[in-house]
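Both ligands and their constituent atoms are indexed starting at 1 by order of listing. Given the structure is predicted, the values throughout are model-derived calculations rather than measurements. By convention here, the first residue in the shown sequence is residue 1.
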Amino acid sequence: MYDKKEVLETMRSVALECGKIIRSAKEEHVAAAEKTDFRNLVTAYDIKVQETAVALLKAKYPSASFFCEENDEQDDLKAECVFIIDPIDGTANFANHMNMSCISIGCFMNGVPTCAAVYDPYADELYSAAKGLGAALNGRPIHVTDAPLEHTLVMFGTAPYNLDKAERTFEKLKYIFPKCMDVRRRGSAEIDFCTVACGRAGLFFEEVLSLWDFAAGMLILEEAGGEAYTMMGTPLPLDGRKSNVVAGPRHCIEESGLLRDFHDDDMII
Ligand code: 2AM
Ligand code: CA
């Protein structure tokens, strides 16, 4: 039996530890290798942070399972306890010294998103949540905004590894721009979810995300009173498939019109 409060506490301390490694990177150290193409990068730090996170979590929970961005093979997502890790979310930011990246750790217990920790080491902001227990930023409870969409900022991602989705991204951006205060492109999907969760923005959307890009942020957002859907309005897939995402407080999702006026029905891949 895993105690979710204890697991969350462990995840929070692992995220803080890994954040130190991310912050320790000096310019000369951040050589990036291409994974699938020149936009999809991995650095020695992605590997080092992942290895550290896995080692620390395994030391505490030897029989836990893992589903990590830099793994070749993944464990079962329906395991009693599986950690879903994106060691550096915002790798392109990291490789370009933009100081806008985070470590993200989600935890599913028997297939149910149960705990989440996202740490931005540059802002020293630790977001966390446990199912049914609410969401917090540096220990203080957070909540989505109740402001109308037109009074909020909208976060979006460009799904840069899937250029075939660029038209959809920018169509939606053009559609939503006049309906909100302004738009922001941050470069880390997990931070985007958390930015909405704590009310700094009203909405987030992106055309292609992997499970490790949303597993933690989705729970943090939901525990902060928000909702996350595919662009078809269905729940996000928790089985490892990629998906598009629209996320925010319900009223902002409705006011955005994204689910009403766009009909993307092929977006779980
Ligand atoms: P990464 O930095 O870990 O690679 C940027 O658009 C955000 O979405 C980042 O969180 C990035 O993760 C993720 N991302 C971008 N394009 C993606 C794609 N095609 N598939 C999966 N994740 C993607
Ligand atoms: Ca990622």
Side-chain angles (χ1 to χ4, degrees), residues 15 18-19 21-22 25 30 32-50 53 66-71 74 83-106 116-122 127 154-170 172-173 183-197 201 203-221 228 230-231 236-247 264 266-269:
C18 289
I21 304 174
I22 297 175
V30 188
E34 294 171 16
K35 286 206 278 195
T36 51
D37 68 37
F38 73 94
R39 291 165 194 272
N40 192 355
L41 304 173
V42 61
T43 72
Y45 281 85
D46 295 74
I47 309 294
K48 190 170 163 191
V49 171
Q50 181 172 308
F66 290 87
F67 192 96
C68 310
E69 175 158 21
E70 309 307 337
N71 276 2
Q74 307 290 8
F83 293 105
I84 297 127
I85 301 175
D86 192 340
I88 301 182
D89 189 37
T91 299
N93 282 342
F94 181 76
N96 289 288
H97 314 292
M98 291 287 286
N99 295 353
M100 293 194 295
S101 308
C102 65
I103 156 117
S104 166
I105 310 174
V118 172
Y119 182 52
D120 172 351
Y122 303 103
Y127 300 88
V154 169
M155 316 298 295
F156 73 103
T158 53
Y161 320 143
N162 292 74
L163 282 188
D164 54 317
K165 302 295 184 295
E167 199 142 321
R168 287 184 182 190
T169 298
F170 293 108
K172 288 179 179 129
L173 195 62
V183 292
R184 293 286 182 271
R185 164 51 166 160
R186 180 90 190 233
S188 158
E190 292 285 15
I191 295 180
D192 289 329
F193 275 98
C194 294
T195 302
V196 177
L203 198 78
F204 167 52
F205 70 93
E206 183 152 8
E207 293 296 326
V208 187
L209 290 179
S210 295
L211 181 62
W212 44 72
D213 299 320
F214 66 77
M218 179 193 70
L219 181 66
I220 293 167
L221 175 69
T230 70
M231 296 277 184
L236 297 183
L238 302 180
D239 56 6
R241 282 177 297 167
K242 293 184 177 193
S243 175
N244 56 10
V245 169
V246 55
D264 303 335
D266 57 343
M267 284 305 298
I268 297 182
I269 51 182

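Residues F66 and I84 fail the side-chain proximity criterion, which asks for heavy atoms closer than 4.5 Å. Side-chain contact between F156 and K172: absent, with no pair of heavy atoms (C-beta onward) separated by less than 4.5 Å. Side-chain contact between I85 and E69 is absent, with no heavy-atom pair separated by less than 4.5 Å.
The aromatic rings of F67 and W212 sit tilted, their planes meeting at an angle between 30° and 60°.
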- For the pair I103 and V118, evaluate side-chain contact (heavy atoms from CB on, under 4.5 Å) and give the outcome as yes or no after the intermediate values. CA-CA 6 Å; I103 156 117; V118 172; over 6 Å; no

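In terms of polar-atom proximity, N162 is counted as a contact of ligand 1, with an N or O under 3.5 Å from an N or O of the ligand. Looking at G90 next to ligand 1, an N or O pair under 3.5 Å apart turns up. Checking only distances, G157 never comes within under 3.5 Å of ligand 1, N or O to N or O.
Residue contact check: A159 has heavy atoms under 4.0 Å from atoms 16 (N) of ligand 1. Set against the non-hydrogen atoms of A189, the atoms of ligand 1 under 4.0 Å away are 7 (C), 9 (C), 10 (O). Each of the atoms 3 (O) of ligand 1 lies under 4.0 Å from some heavy atom of D86. Annotation for ligand 1: atoms under 4.0 Å from non-hydrogen atoms of I88 are 3 (O). Below 4.0 Å from some heavy atom of S188 lie the following atoms of ligand 1, by number and element: 10 (O). Within the listing of ligand 1, atoms 1 (P), 2 (O), 3 (O), 9 (C), 10 (O), 11 (C), 12 (O) sit less than 4.0 angstrom from a heavy atom of D89.
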Donor-acceptor pairs are to be reported for all side-chain atoms of residues 187-194 against protein atoms at under 3.5 Å, with residues two or more places apart or in another chain.
from	atom 1	to	atom 2	distance (Å)
S188	OG	D89	O	3.4
S188	OG	D89	OD2	2.9
S188	OG	I191	N	3.3
E190	OE1	G217	N	2.7
E190	OE2	S104	OG	2.9
E190	OE2	F214	N	3.3

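For the residue pair D86 and Q50, no side-chain donor N or O sits within less than 3.5 Å of a side-chain acceptor on the partner.
For the Ca ion (ligand 2), the set of nearby N, O or S atoms under 3.0 Å includes none belonging to E190.
Proximity of E190 to ligand 1, defined as any heavy-atom pair under 4.0 Å, is not found for any part of the residue. Residue contacts with ligand 1 for P160 involve both N, CA, C or O and side-chain atoms from C-beta outward (heavy atoms, distance under 4.0 Å).
Scored by the salt bridge (Lys or Arg N to Asp or Glu O under 4.0 Å) test, D120 finds R186 as partners (sequence neighbours excluded).
Panel note: side chain T43, backbone D46; a donor-acceptor pair is recorded below 3.5 Å.
Centred on the Ca ion (ligand 2), the OD2 atom of D86 and the OD1 atom of D213 lie at an angle of 100°, reported to 10°.
Note on D89: its N/O/S atom closest to the Ca ion (ligand 2) is OD1.
Residue contact annotation: E69 has a non-hydrogen atom under 4.0 Å from ligand 1. In this structure, R185 has a heavy atom closer than 4.0 Å to ligand 1. Using a 4.0 Å heavy-atom cutoff, N93 is absent from the residues neighbouring ligand 1.
Rounded to the nearest 0.5 angstrom, L203 CG and M155 CE are separated by 10.5 Å.
Aromatic pair Y45/F94: centroids less than 6.0 angstrom apart.
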